[in-house]
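Here is the structure we will look at, set down as structure tokens.
Note on naming: letters A, B, ... go to the chains in the order of the sequence lines (proteins, then strands), and numbering restarts at 1 for each one.
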Number of protein chains: 2
Amino acid sequence: MRGRHRRGARWFSEHLREQGYRYTVPRALIIDVLSAMPGHPSVEEIYFEAHKRYPQIGLTTVYRTLELLVRTGVVLKFDFGDGRTRFEMAGAFQGKSHHHHLICTSCGKIVEYTDFIKEELDLLKKTEDALSKKYGFAVKSHLLQFYGVCYVCLKKREQP
Amino acid sequence: MRGRHRRGARWFSEHLREQGYRYTVPRALIIDVLSAMPGHPSVEEIYFEAHKRYPQIGLTTVYRTLELLVRTGVVLKFDFGDGRTRFEMAGAFQGKSHHHHLICTSCGKIVEYTDFIKEELDLLKKTEDALSKKYGFAVKSHLLQFYGVCYVCLKKREQP
DNA sequence: CTAACTGCAAATTCTTTGCATTAGT
DNA sequence: ACTAATGCAAAGAATTTGCAGTTAG
């Protein structure tokens with residue numbers, strides 16, 4: 001894997017331009033910052049990092065930029081149920097492959113798994129096609145998450 | 001299907017009691033109201049309906065009760081991306097079978113589909129087992145949603 | 001009886017909007 | 001230059017919390 005698909009600033013610039021958007025300093029920065037952040041940062045966390053490098057950035061801009069990047073397919077948006085929206089670069093822009101999430105409903109721990117993904121993706125693709133046909137939808141994406149209790153929390157419950 | 005699995009007040013009463021909770025008037029009412037509501041009502045909508053029959057109910061109680069019912073597996077909770085949390089009775093309590101959702105990101109229309117579900121559930125079950133083993137999680141549930149643009153919105157886009 | 005539950009009001013938290021200013025192309 | 005994008009302050013919306021009074025078991 002190792003960044004094989006990583007995209008440079010040039011690519012993002014063109015990607016945005018093509019869709020009629022400008023490639024601005026805050027946008028470049030947010031892409032850069034998010035690409036370097038592990039896990040699934042919230043708006044606040046992204047703002048915090050961006051602010052370190054460019055103190056005049058506003059929280060509003062972070063909100064608006066993330067919304068734009070999600071809309072143009074550069075960033076993925078998740079709700080893991082902790083009350084804040086979380087983000088990550090779409091796989092292809094980070095050298096990561098497509099993955100799904102396993103969420104501990106007790107402590108919030110998130111595991112990204114890629115095992116078993118191939119079979120899942122095949123079935124999801126098949127389902128997408130069938131749904132498109134049957135309901136006349138242009139299906140664009142899917143969300144698959146598993147919820148449970150992680151081993152740490154399981155142990156805590158046994159002997160509290 | 002036809003309510004084959006529908007549960008009566010007695011069942012809910014015992015279900016809550018077993019877990020150490022009381023079966024109160026507001027709780028009974030919310031279960032009743034939600035069971036009768038089609039689609040995926042928000043907290044406000046559930047409150048509105050409940051309020052008709054029992055005007056002294058408070059919005060806070062609706063929030064707290066739904067949280068409780070979700071926690072005890074009676075109700076399912078969804079985020080379809082419109083900024084409010086949405087709910088429905090878990091399939092078995094409504095005579096509905098397990099289903100997934102197809103969401104129009106343009107107008108918010110939700111389609112519940114049950115086609116292909118059997119195959120999906122088989123694979124999801126298999127994945128749950130594998131994830132449980134590999135990551136030591138006790139997997140409790142999953143969420144699968146498809147996003148796209150419905151035919152109405154597709155048409156609007158062609159000729160605006 | 002008495003601990004759990006309720007309802008109100010106030011507080012919090014996340015997110016969006018309006019608008020004057022700045023900056024990309 | 002011309003318009004999209006930004007940043008600030010203020011508004012808005014959903015959800016949570018504190019607490020005194022009520023109710024189920």
Side-chain angles (χ1 to χ4, degrees), chain A residues 9-10 12-33 40-48 50-72 74-75 77-87 108, chain B residues 9-10 12-33 40-48 50-72 74-75 77-87 108:
Chain A
R10 172 71 56 82
F12 289 110
S13 164
E14 274 164 24
H15 174 80
L16 288 181
R17 204 96 45 83
E18 273 166 21
Q19 322 234 352
Y21 302 109
R22 291 176 180 174
Y23 187 66
T24 66
V25 170
R27 286 174 186 175
L29 177 66
I30 288 168
I31 289 170
D32 208 48
V33 155
H40 313 86
S42 64
V43 175
E44 284 276 351
E45 288 161 349
I46 295 161
Y47 169 70
F48 184 79
H51 187 266
K52 280 186 195 165
R53 289 218 248 147
Y54 187 70
Q56 65 264 49
I57 199 170
L59 183 56
T60 305
T61 300
V62 179
Y63 271 101
R64 284 192 283 227
T65 300
L66 287 169
E67 188 267 326
L68 174 77
L69 295 175
V70 168
R71 188 151 34 79
T72 57
V74 171
V75 167
K77 182 179 164 183
F78 296 95
D79 169 22
F80 294 142
D82 67 345
R84 67 207 69 199
T85 307
R86 298 187 166 277
F87 300 87
Chain B
R10 172 70 57 81
F12 289 110
S13 164
E14 275 164 23
H15 175 79
L16 289 181
R17 205 95 47 80
E18 274 165 20
Q19 322 234 352
Y21 302 109
R22 293 178 179 175
Y23 187 66
T24 66
V25 170
R27 286 174 186 175
L29 177 67
I30 288 168
I31 289 170
D32 207 48
V33 154
H40 313 86
S42 65
V43 175
E44 282 277 349
E45 288 162 349
I46 295 163
Y47 169 70
F48 184 79
H51 187 267
K52 279 187 196 164
R53 289 219 247 147
Y54 187 70
Q56 65 264 49
I57 199 169
L59 183 57
T60 305
T61 300
V62 179
Y63 271 102
R64 285 193 283 226
T65 299
L66 287 169
E67 189 267 324
L68 175 77
L69 295 175
V70 169
R71 189 152 34 78
T72 57
V74 171
V75 167
K77 182 180 162 182
F78 296 94
D79 170 21
F80 294 141
D82 68 343
R84 66 207 69 199
T85 307
R86 297 186 167 277
F87 300 86

- [ ] Looking only at non-hydrogen atoms, find the nearest pair between B:V33 and B:I46 and report the distance.
- [x] CG1-O, 4.1 Å
Open item on the list: Can you tell me how far apart CG (A:L68) and CG (A:L16) are? Round to the nearest 0.5 Å.
Closed with: 6.0 Å
Open item on the list: Once you apply a heavy-atom cut-off of 4.0 Å, does A:S42 come out as touching a base, just sugar-phosphate, or nothing?
Closed with: nothing
- [ ] Kindly calculate the angle separating the two end axes of the helix from C:dC1-D:dG25 to C:dT25-D:dA1, each obtained from five base pairs, and round it to 10 degrees.
- [x] 50°
- [ ] Please determine if a side-chain N or O atom of A:Y63 lies less than 4.0 Å away from the OP1 or OP2 oxygen of C:dT16.
- [x] no
- [ ] Identify whether any heavy atom of A:E44 sits under 4.0 Å from a base atom; if not, whether one sits that close to sugar-phosphate; answer base, sugar-phosphate or nothing.
- [x] nothing
TODO: Classify the side chain of B:R64 and the base of C:dG7 as holding, or not holding, a donor-acceptor pair under 3.5 Å.
DONE: yes
Task: Whole angstrom value for the distance that separates P of C:dT13 from OH of A:Y47 - done: 17 Å
TODO: Please tell me which of A:R27 and B:R17 maps to the more 5' nucleotide of DNA chain D, matching each residue to the nucleotide holding its nearest heavy atom.
DONE: A:R27
Task: Heavy-atom closest contact (A:R22 atom, A:R27 atom, distance) - done: O-NH1, 2.9 Å
TODO: With heavy atoms under 4.0 Å as the rule, sort B:Y54 into base, sugar-phosphate or nothing.
DONE: sugar-phosphate
- [ ] Calculate the interatomic distance between A:E14 atom CD and C:dG24 atom P; express it in whole Å.
- [x] 18 Å
Task: Closest heavy-atom pair and its distance - B:P41, B:E45 - done: CA-OE1, 3.0 Å
Task: Touch class at under 4.0 angstrom, heavy-atom based, for A:R84 against every strand present - done: sugar-phosphate
- [ ] Rounded to the nearest angstrom, tell me the gap between atom CG in B:L66 and atom P in C:dT6.
- [x] 12 Å
TODO: Write down the distance between CZ (A:R86) and C1' (C:dT15), rounded to a whole number of angstrom.
DONE: 15 Å
- [ ] Would you mind reading off the distance between B:Y21 atom OH and C:dT6 atom P, rounded to a whole angstrom?
- [x] 12 Å
- [ ] Would you sort out whether A:F87 and A:L69 count as a side-chain contact (heavy atoms from CB on, under 4.5 Å), showing the intermediate values?
- [x] CA-CA 10 Å; A:F87 300 87; A:L69 295 175; over 6 Å; no
TODO: Evaluate the ring planes of B:Y47 and B:H51, with Trp represented by its six-membered ring, and classify them as parallel (under 30°), tilted (30 to 60°) or perpendicular (over 60°).
DONE: tilted
Open item on the list: Rounding to an integer number of Å, can you tell me how far B:Q19 CD sits from C:dA4 P?
Closed with: 15 Å
Open item on the list: Testing the basics here: between A:R86 and A:S42, what is the closest heavy-atom pair and its distance to 0.1 Å?
Closed with: NH1-N, 3.6 Å
- [ ] Can you see which heavy atom on B:I57 is nearest to which on B:A50, and at what distance?
- [x] CD1-CB, 4.2 Å
- [ ] Find the distance between CD1 (A:I30) and CZ (A:F12) and round it off to the nearest 0.5 Å.
- [x] 12.5 Å
- [ ] Let me know, please, whether B:G20 or B:L59 comes out on the 5' side of the other along DNA chain C by nearest nucleotide.
- [x] B:G20
- [ ] Would you classify A:T24 as touching base, sugar-phosphate or nothing, given that sugar-phosphate means primed atoms plus P, OP1 and OP2, and contacts are heavy atoms under 4.0 Å?
- [x] sugar-phosphate
Task: Span of DNA chain D, from the first to the last nucleotide whose atoms fall under 4.0 Å of chain A heavy atoms - done: D:dT3 to D:dA9
Open item on the list: One pair to check against side-chain hydrogen bond (donor to acceptor under 3.5 Å, both in side chains): A:R64 and A:T60. What are the steps and the verdict?
Closed with: CA-CA 6 Å; A:R64 284 192 283 227; A:T60 305; 5.0 Å; no
Open item on the list: With nearest nucleotide decided by heavy atoms, which residue, B:Y23 or B:G83, maps closer to the 5′ end of DNA chain D?
Closed with: B:G83
- [ ] Could you tell me the separation between the CD atom of A:Q56 and the C1' atom of C:dT21, rounded to a whole number of Å?
- [x] 14 Å
